Asks: 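My questions all concern the structure below.
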Amino acid sequence: MPLLVYENGNVRKAGIIDMLEAAKALLLLIPIGKVTSYKELALALGVNPRLVGKLMKMNDEAPIIPCHRVVRSNGEIGGYSAVGGVDFKRKLLELEGVKFKNKRKINRNSFISLRELTIN
DNA sequence: CATCGAACCAACC
DNA sequence: GGTTGGTTCGATG
């Protein structure tokens, strides 16, 4: 299901910029110490997970808008193209209290589903 | 669990 | 039209 946008009286399919704004809004809901996955965002936005990566890359306000809290659904850290690279991403997450099982993987219980954030 | 190939889809060239 | 990602999935060991 593609994301739709209501704009001066009619409905159209969301463009990449619309999705970027929507993604940013969702990112701001993720609490410190928690992460979500590209997949979850993808489901919420109705796009391919790889496109979510592209969106995160377009976020020029990292790490204020916390795209570093988006990781792979299998627990691996994923990428980070903003300054500092993946090492900085890991550092941020550790600093925020995200628990790592080991160097590669994040604990299951550090994940929060977008449903928990957008409902109630 | 780890690895591998294929599917994904909009951007970019 | 082919390649490329901040990925995922299913199959296989």
Side-chain angles (χ1 to χ4, degrees):
Chain A
M1 258 270 262
L3 186 66
L4 298 177
V5 179
Y6 183 74
E7 188 176 60
N8 29 308
N10 45 24
V11 177
R12 62 176 173 76
K13 201 166 77 157
I16 190 83
I17 302 300
D18 305 311
M19 294 197 244
L20 177 57
E21 293 311 310
K24 282 180 172 179
L26 291 173
L27 288 180
L28 291 172
L29 298 178
I30 305 172
I32 294 174
K34 293 285 180 185
V35 296
T36 189
S37 66
Y38 299 99
K39 182 184 179 181
E40 286 241 18
L41 284 175
L43 289 172
L45 298 174
V47 300
N48 192 283
R50 304 200 73 156
L51 194 53
V52 174
K54 212 162 257 191
L55 290 173
M56 297 302 97
K57 189 173 182 172
M58 281 187 234
N59 167 30
D60 50 350
E61 303 174 73
I64 305 301
I65 295 186
C67 56
H68 59 277
R69 295 183 196 142
V70 184
V71 300
R72 286 203 191 199
S73 50
N74 66 2
E76 290 179 314
I77 189 150
Y80 192 72
S81 55
V83 286
V86 178
D87 289 340
F88 183 56
K89 179 175 184 176
R90 185 180 354 257
K91 205 128 209 170
L92 280 174
L93 292 176
E94 285 170 349
L95 215 55
E96 293 181 349
V98 172
K99 294 298 183 187
F100 281 72
K101 209 158 131 187
N102 55 52
K103 200 66 181 174
R104 297 188 86 67
K105 300 243 180 171
I106 290 168
N107 278 353
R108 239 35 231 185
N109 55 25
S110 288
F111 279 81
I112 190 164
S113 80
L114 290 181
R115 188 171 292 283
E116 294 178 63
L117 300 177
T118 51
I119 312 294
N120 73 46

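Below, each value reflects all heavy atoms present in this structure, side chains not excepted, and no hydrogens, waters or symmetry copies. Here the structure is a predicted model, which is why all the values come from computation and not from measurement. Numbered from 1 within each chain, the chains take letters A, B, ... in sequence-line order.
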Asks: Let me know the distance between CG of A/Leu93 and P of C/dG6, rounded to the nearest Å.
Replies: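 About 17 Å, once rounded to whole Å.
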
Asks: Just one of A/Ile77, A/Ile32, A/Val71, A/Leu93 clears the side-chain contact (heavy atoms from CB on, under 4.5 Å) bar with A/Val98, so which one?
Replies: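 One option only clears the test, and that one is A/Leu93.
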
Asks: It should be established whether A/Lys54 places a side-chain nitrogen or oxygen under 4.0 Å from OP1 or OP2 of nucleotide C/dG5.
Replies: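 So the side-chain polar atoms of A/Lys54 never come under 4.0 Å of the phosphate oxygens OP1 or OP2 of C/dG5.
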
Asks: Closest-nucleotide mapping onto DNA chain C: is A/Lys39 or A/Ala82 further toward the 5' terminus? I mean the 5' end.
Replies: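 On the 5' side of the pair lies A/Ala82.
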
Asks: Heavy atoms under 4.0 Å, any strand shown: does A/Lys57 hit a base, just sugar-phosphate, or nothing?
Replies: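 Here A/Lys57 touches the bases of the nucleic acid.
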
Asks: Calculate the interatomic distance between A/Ile17 atom CD1 and B/dA10 atom C1'; express it in whole Å.
Replies: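 Distance, rounded to whole Å: 12 Å.
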
Asks: Just to be sure I understand the rule, does A/Ser73 reach a base, reach only the sugar-phosphate, or reach nothing, if contact means heavy atoms closer than 4.0 Å?
Replies: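 Touches sugar-phosphate only.
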
Asks: Return no unless some side-chain N or O of A/Arg72 is found under 4.0 Å from OP1 or OP2 of C/dT7.
Replies: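 So the side-chain polar atoms of A/Arg72 do come within 4.0 Å of the phosphate oxygens OP1 or OP2 of C/dT7, strictly under.
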
Asks: If you look at every strand shown and take non-hydrogen atoms under 4.0 Å, does A/Val47 touch a base, only sugar-phosphate, or nothing?
Replies: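 Nothing, no heavy atom under 4.0 Å.
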
Asks: Given side chains that start at C-beta, do those of A/Thr36 and A/Leu26 come closer than 4.5 Å, heavy atoms only?
Replies: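 No, side chains not in contact.
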
Asks: From CG of A/Asn48 over to C1' of C/dG5, roughly how many Å is that when rounded to an integer?
Replies: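 In whole Å, C/dG5 C1' and A/Asn48 CG are 10 Å from each other.
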
Asks: Once you round it to whole Å, what is the distance between P of B/dA10 and CG of A/Asp18?
Replies: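 Atom-to-atom, A/Asp18 to B/dA10, this comes out as 14 Å.
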
Asks: Rounded to whole Å, please give me the gap between CD1 in A/Ile16 and C1' in C/dG5.
Replies: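 Value for this atom pair: 12 Å.
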
Asks: Check every strand shown and say whether A/Ile77 touches a base, only sugar-phosphate, or nothing at a heavy-atom separation below 4.0 Å.
Replies: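 No contact.
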
Asks: What integer distance in Å separates A/Arg104:CZ from B/dT3:P?
Replies: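 Nearest whole value for this atom pair: 7 Å.
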
Asks: Grab the CG-P distance between A/Leu41 and B/dC9 for me, whole Å please.
Replies: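 These atoms are roughly 17 Å apart.
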
